[in-house]
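Below you'll find the structure, written out as structure tokens, and then a few comments.
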Amino acid sequence: MSAVTTTVPVVAPEVSTPVRRRRRLSPGRRLPAARLVGPVLLLAVWSAASAAGRLDPAAIPAPWTVVRTGAHLWTAGTLRTDILTSLERAGYGFAIGLVAGVVLALAAGLSRVGEALIDGTVNLNRAIPTLGLIPLFILWLGIGESFKVAIIAIVVYIPIYLNTHAALAGIDHRFVELAEVQGLSRFAFVRQIVIPGALPGFFVGLRLGVTGSWLGLVVLEQINATSGLGYMMFQAQNYGQSDVILVGLVVYGVFGLVSDSAVRLIERRVLSWRRTLSS
């Protein structure tokens, strides 16, 4: 009886390869109230420097002095009147600039004829310092409220037009070809292709326009005005009231921050379908 030899296969030991962790490149989750960290830190440094006597109270009053002055002006009723006047001027100018910027951007972005007539003119206007137009607008519209609203409208419409027009020009032409193949009407093409493609650029221009309206208002309210935050600051300059000037600057800063935050909130809601670093 012959012996049967059985060969047992030799299994090599498994070599475990280390799993490489994927490096996280995104900024991470959004911090709550992250935009307030910088202003709060600046306020803390300002308070500490004032309490330590590092700042001249006549030049830069302490934060609590500015708060007391603001409360006094509010109780007297002058600050409320100035704020309402400034909001009215900025609101009228912003509304006119918003409509003009969007209409001109659509006309130039959807038509070669419109682009030839509008784009060069707007860029020429952009090259001219807007505040340098003040003497000319005073001659045209007088020294009243009309020229102030017109200047604010120009400051607002330029960034809205430029960013919206750039977004329209950047729409992929394949979407246009797809719309033509699908037989979309002009209205459907604008609603389904043009508006979604232009919204990111529009919101960038809107944020710049909101900020520009407040920047222009500071200068305009110091020209033949009888009310408004700029007028209040100009009068305070004549009497050396630095605390009143800081009250006006703080109010301008708060309005600018709140309006910009509101635009950013609307942008995130409207463009919630986008996946970006900030989302």
Side-chain angles (χ1 to χ4, degrees), residues 30-95 130-131 134 143-145 147-149 151-152 155-156 206-266:
R30 184 183 298 273
L31 299 176
R35 303 193 71 204
L36 297 178
V37 174
V40 170
L41 180 61
L42 178 62
L43 180 60
V45 173
W46 180 15
S47 302
S50 298
R54 298 293 183 177
L55 299 177
D56 182 8
I60 306 179
W64 43 88
T65 303
V66 176
V67 171
R68 284 198 301 267
T69 302
H72 171 70
L73 293 174
W74 182 269
T75 305
T78 57
L79 184 59
R80 278 177 287 183
T81 303
D82 292 332
I83 288 177
L84 291 176
T85 303
S86 296
L87 286 175
E88 184 178 5
R89 288 172 181 151
Y92 283 139
F94 178 78
T130 305
L131 297 180
I134 291 177
I143 200 69
E145 295 294 316
F147 94 92
K148 298 181 179 67
V149 174
I151 293 294
I152 294 174
V155 172
V156 170
L206 188 63
R207 291 181 59 193
L208 295 174
V210 168
T211 305
S213 65
W214 295 115
L215 295 178
L217 194 64
V218 176
V219 178
L220 294 169
E221 288 190 330
Q222 299 182 23
I223 302 175
N224 194 46
T226 57
S227 61
L229 292 172
Y231 170 77
M232 180 189 73
M233 294 167 61
F234 181 72
Q235 293 296 106
Q237 175 193 349
N238 294 333
Y239 293 101
Q241 298 172 319
S242 57
D243 53 345
V244 177
I245 296 176
L246 284 176
V247 169
L249 292 176
V250 168
V251 174
Y252 274 128
V254 170
F255 282 164
L257 182 62
V258 170
S259 56
D260 183 72
S261 300
V263 174
R264 288 166 65 97
L265 178 61
I266 296 173

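Keep in mind that the numbers below use all heavy atoms, side chains included, and drop hydrogens, waters and symmetry copies.
- Note that the CD1 atom of Ile60 and the CZ atom of Arg54 stand 14.0 Å from one another [nearest 0.5 Å].
- Separating the CD atom in Gln235 from the CD atom in Gln241 is a distance of 9.5 Å, to the nearest 0.5 Å.
- Residues Thr85 and Tyr231 fail the side-chain proximity criterion, which asks for heavy atoms closer than 4.5 Å.
- Only one option out of Leu246, Leu73, Leu229 pairs with Val251 in a side-chain contact (heavy atoms from CB on, under 4.5 Å); it is Leu229.
- Here the OG-CG distance, from Ser47 to Leu55, works out to 10.0 Å after rounding to the nearest 0.5 Å.
- Here the closest heavy-atom approach between residue Pro61 and residue Ser50 is recorded as O-OG, 4.4 Å.
- A 4.5 Å side-chain heavy-atom check between Leu217 and Tyr252 finds at least one atom pair inside the cut-off.
- When all heavy atoms of Thr69 and Val244 are compared, the closest pair comes out as CG2-CG2, 3.8 Å.
- With hydrogens and angles ignored, the 3.5 Å screen pairs no side-chain donor or acceptor of Thr78 with any backbone N or O of Trp74.
- Of all the heavy atoms in Lys148 and Ala225, the pair that sits closest is CE-CB, 4.3 Å.
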Inset, instruction - Give the C-alpha distance, both sets of side-chain angles, the deciding distance and a yes or no for side-chain contact (heavy atoms from CB on, under 4.5 Å) between Ile152 and Tyr92. - result: CA-CA 9 Å; Ile152 294 174; Tyr92 283 139; over 6 Å; no
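- The shortest distance between side-chain heavy atoms of Pro63 and Leu43 falls below 4.5 Å.
- Rounding to the nearest 0.5 Å gives a distance of 7.5 Å between OG1 of Thr211 and CZ of Arg207.
- Considering all non-hydrogen atoms of both residues, Val149 and Arg89 come closest at CG2-O, 4.4 Å.
- Judged by distance alone, with hydrogens and angles left aside, the side-chain atoms of Ser227 form no donor-acceptor pair with the main-chain N or O of Asp82 at under 3.5 Å.
- Here the CD1 atom belonging to Ile151 is positioned 7.5 Å from the CZ atom belonging to Phe147, to the nearest 0.5 angstrom.
- Looking at every heavy atom in both residues, Met233 comes nearest to Ile245 through O-CG1, 3.9 Å.
- For the atom pair CG of Leu257 and CZ of Arg264, the computed distance is 9.5 Å after rounding to the nearest 0.5 Å.
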Inset, instruction - Determine, stepwise, if the pair Ile83 / Leu79 fulfils side-chain contact (heavy atoms from CB on, under 4.5 Å). - result: CA-CA 6 Å; Ile83 288 177; Leu79 184 59; 3.9 Å; yes
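- Side-chain atoms of Phe94 and Val155, non-hydrogen and from C-beta on, never get closer than 4.5 Å to each other.
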Inset, instruction - Starting from the C-alpha separation in whole Å, work towards a yes-or-no answer on side-chain contact (heavy atoms from CB on, under 4.5 Å) for Phe255 and Val250. - result: CA-CA 9 Å; Phe255 282 164; Val250 168; over 6 Å; no
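- One N or O on the side chain of Ser259 and one on the backbone of Gly256 form a donor-acceptor pair closer than 3.5 Å.
- Two residues are said to be in side-chain contact when any heavy atoms from C-beta on lie closer than 4.5 Å; Val210 and Val156 fail this criterion.
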Inset, instruction - Would you please test Ile134 and Leu220 for side-chain contact (heavy atoms from CB on, under 4.5 Å) and show each step? - result: CA-CA 9 Å; Ile134 291 177; Leu220 294 169; 3.7 Å; yes
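- For Glu221 against Ser86, the heavy-atom pair with the smallest separation is OE2-OG, 2.7 Å.
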